[in-house]
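In what follows, a structure is listed as structure tokens, so that the remarks can point back to it.
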Amino acid sequence: MSGTRKRLRSAEWFGGHEKGAFIHRSWMKNQGFAPHLFDGRPVIGICNTWSELTPCNGQLRDLAEQVKRGVYEAGGFPVEFPVMSLGESNMRPTAMMFRNLAAIEVEEGIRANPVDGVVLLVGCDKTTPALLMGAASCDLPAILVSAGPMLSGSFMGRMLGSGTDVWRLSEEMRAGAISEEEFTAAESAMSRSPGTCNTMGTASTMASLSETMGMTLPGNAAIPSVDARRRVLAFMSGRRIVEMVNDDLKMSQILTRKAFENAIRANAAIGGSTNAVIHLQALAGRVGVEFSLDDWDRLGRDVPTIVDLMPSGRFLMEDFFNAGGMPAVLRRLLDAGLVHGDALTVNGRTIAENNGNARIENSEVIRPLDKGLTDNGGIMVLRGNLAPDGAILKPSAATPALLTHRGRAVVFEDIDDYHARIDDPDLDVDETSILVLKNCGPRGYPGMPEVGNMGLPRKVLQRGVTDMVRISDARMSGTAYGTVVLHVAPEAAVGGPLALVRNGDMIELDAPNNRLNLDITDEELAARRAEWVAPEPPASGYERLFIDQILQADQGCDFNFLAGCRGAPVARDYV
């Protein structure tokens, strides 16, 4: 290799003839790495979140091999290392409890080791923000490769979407419309291959927004997990990261204010998950981009939802890919002047250069802007005496008639109270009531689980009702739907007004005017607050660290000591 190559970060470990370099090279060679790999070429870390406990990420071992081939072909030295895998389908109390822990592992793993750039292998929804957040705090060249969505499901002659149809089938079984045997039989039909949810859930949303923000090669979001083209993309990402290191193209050059604004509008267009709000707020905090909750409403409110996918629409991710995927969506938005075409991406080209001529293969799946599923596809941000720091609602998943509603509160103090009483035939509830769930926010659960889309009471379901207004400090799965107010801040567990709601209180939701109010006097609210008693925190352990350090939903639920970019300075050697 040429002796004129610039000295890279990894050379602080492997370069020269000192004792320390001897030790670092020698121990690496015990794995069979050839001597010429330590000649100053870029060392590429492959952060792999593969785990058999995370079914969404089941194919990442194979994709890692494709990345390695690309790195080698481009003249780099790939080194794979494991990262805590966050699978929402299995982890308890919720994968969100561990997003920041995984981000710490990524950040410290990158900083502590001899890598010049990183490939982030992600899948299940919390792995994407966790790896982006951790890598952004180091600000080395980085490129993201998603696991890809699983194949489409089919059951009893109808399309079956992962997640979305779990909620639907569960409600049908509770209402007596299908049997337990039919419900169980749907399990295998829903999950036909490894991969993330085949609906526009949080995993698909975060893959789509990562592509929109320029952190992936074009087309990454929608290629099915088992499609050969997913492997090709991984290979090409391995090639590209070596070029990025040689060009010193860092994350901070890509994750700019323009990138975040593009993501808001793209999220509206795809009918993306409400979870994107929390994850992008946290990511913006890592890169130092000014980004507020109100930006979501201001920039995305008037963007129509044009991607006809579950849970907002009819189709699945495989259909989305065949229709043109995110390049086609970005073409629609570029043509309408809704995104910044000059925003830079990891391949060194701009959003406009990558997507300006993208083909739209199916205008039923990816609709024209004047034929959207809804004219207001963005996230609605609500404020009022019930949510002083904000709450959010996804209009594309809601019942339009319920976006303006006044109803009587039916209160559940926590998730256990909800499960104990929701199907009680004596529960004083009807379809005009508003279900209120407390103590499921970042500190209250803890971890802020996806329980905000509370199943409706059986007595209401049996009357054919399919939606009610629901309010909580929890999150909602990106695969879920309904007129659900989420992320109420401050949460109940820190004494937010949600903690003070009582059965029978009247609540007014006026989403078009961004209002969420509890109809009691300020004096009554103050009197209730004086009676409120804070819950006792756990004595020790990670749960205590989480509760002590977690920020509220409107700030992205990062730990308060993790905001900002700390870079990747090389620490002193120990020899």
Side-chain angles (χ1 to χ4, degrees), residues 1-50 64 67-68 70-72 74-85 100-121 130-144 238 241-253 286-288 542 545 559 561-575:
M1 304 294 285
S2 170
T4 61
R5 181 187 291 116
K6 67 179 181 180
R7 186 176 176 87
L8 298 173
R9 184 176 181 273
S10 57
E12 299 296 327
W13 280 261
F14 299 139
H17 301 286
E18 303 298 325
K19 179 175 62 175
F22 178 103
I23 290 173
H24 298 311
R25 291 193 300 260
S26 177
W27 260 257
M28 289 292 285
K29 286 178 179 178
N30 78 6
Q31 301 174 83
F33 291 126
H36 70 272
L37 294 175
F38 303 94
D39 62 1
R41 68 187 62 203
V43 178
I44 305 300
I46 303 173
C47 305
N48 195 347
T49 57
W50 173 85
V67 171
K68 290 178 185 178
V71 171
Y72 277 126
F77 176 17
V79 285
E80 180 182 354
F81 61 96
V83 175
M84 183 181 189
S85 192
N100 298 343
L101 184 60
I104 291 173
E105 183 180 4
V106 171
E107 176 181 350
E108 302 304 334
I110 290 171
R111 189 178 293 115
N113 283 295
V115 296
D116 304 304
V118 288
V119 179
L120 311 174
L121 296 186
L131 269 62
L132 285 172
M133 290 162 61
S137 287
C138 294
D139 199 26
L140 292 179
I143 192 169
L144 185 139
I241 188 61
V242 177
E243 297 170 348
M244 290 176 67
V245 170
N246 289 331
D247 295 339
D248 200 24
L249 178 56
K250 298 178 180 179
M251 289 183 73
S252 58
Q253 296 169 258
R286 295 298 184 101
V287 294
Y542 175 69
L545 170 69
F559 290 156
F561 60 86
L562 290 177
C565 177
R566 287 162 286 283
V570 177
R572 65 173 65 91
D573 206 346
Y574 60 90
V575 293

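Values reported hereafter were calculated over all heavy atoms of this structure, with side chains retained and with hydrogens, waters and symmetry mates removed.
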Return the minimal non-hydrogen interatomic distance between [X] and [Y], and the atom names on each side.
| X | Y | answer |
| --- | --- | --- |
| Cys565 | Ala136 | SG-O, 3.5 Å |
| Ala102 | Val83 | O-CG1, 4.3 Å |
| Ala135 | Val106 | N-CG1, 3.8 Å |
| Pro42 | Gly75 | CD-O, 4.0 Å |
| Glu107 | Cys138 | O-SG, 3.3 Å |
| Val245 | Lys6 | O-NZ, 3.3 Å |

What do the steps show when you test Lys68 against Ile46 for side-chain contact (heavy atoms from CB on, under 4.5 Å), and what is the final call?
CA-CA 8 Å; Lys68 290 178 185 178; Ile46 303 173; 3.5 Å; yes
Side-chain heavy-atom pair [X], [Y] within 4.5 angstrom cut-off:
| X | Y | value |
| --- | --- | --- |
| Trp13 | Val43 | no |
| Asp573 | Glu12 | no |
| Asn113 | Phe81 | no |
| Leu132 | Met251 | yes |
| Pro141 | Ile241 | yes |
| Val242 | Ile44 | yes |

Going from [atom1] on [X] to [atom2] on [Y], what distance comes out if it is rounded to the nearest 0.5 angstrom?
| X | Y | atom1 | atom2 | value |
| --- | --- | --- | --- | --- |
| Phe14 | His24 | CZ | NE2 | 7.5 Å |
| Asp139 | Gln253 | CG | CD | 7.5 Å |
| Asp116 | Arg7 | CG | CZ | 11.0 Å |
| Leu140 | Arg111 | CG | CZ | 9.0 Å |
| Lys19 | Ser26 | NZ | OG | 13.5 Å |

If only atom types and distance count, is the side chain of [X] paired as donor or acceptor with the main-chain N or O of [Y] below 3.5 Å?
| X | Y | value |
| --- | --- | --- |
| Ser137 | Gly564 | yes |
| Ser85 | Thr49 | yes |
| Asp39 | Arg41 | yes |

Please evaluate residues Met28 and Leu37 with respect to the criterion side-chain contact (heavy atoms from CB on, under 4.5 Å), reporting the C-alpha separation (whole Å), side-chain torsions for both, the decisive distance (0.1 Å), and the verdict.
CA-CA 10 Å; Met28 289 292 285; Leu37 294 175; over 6 Å; no
Is it the case that more than 12 heavy atoms not belonging to Glu18 sit under 6.0 Å from its CD atom?
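Not more than 12 within 6.0 Å, no.
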Can you tell me if Phe33 has over 12 outside heavy atoms packed within less than 6.0 Å of its CZ?
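Enclosed: over 12 neighbouring heavy atoms sit under 6.0 Å from CZ of Phe33.
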Cys47/Leu120 under side-chain contact (heavy atoms from CB on, under 4.5 Å): CA gap, chis, key distance, verdict:
CA-CA 5 Å; Cys47 305; Leu120 311 174; 3.8 Å; yes
Can you say whether the rings of Phe38 and Phe77 are parallel (under 30°), tilted (30 to 60°) or perpendicular (over 60°)?
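Phe38 and Phe77: perpendicular rings.
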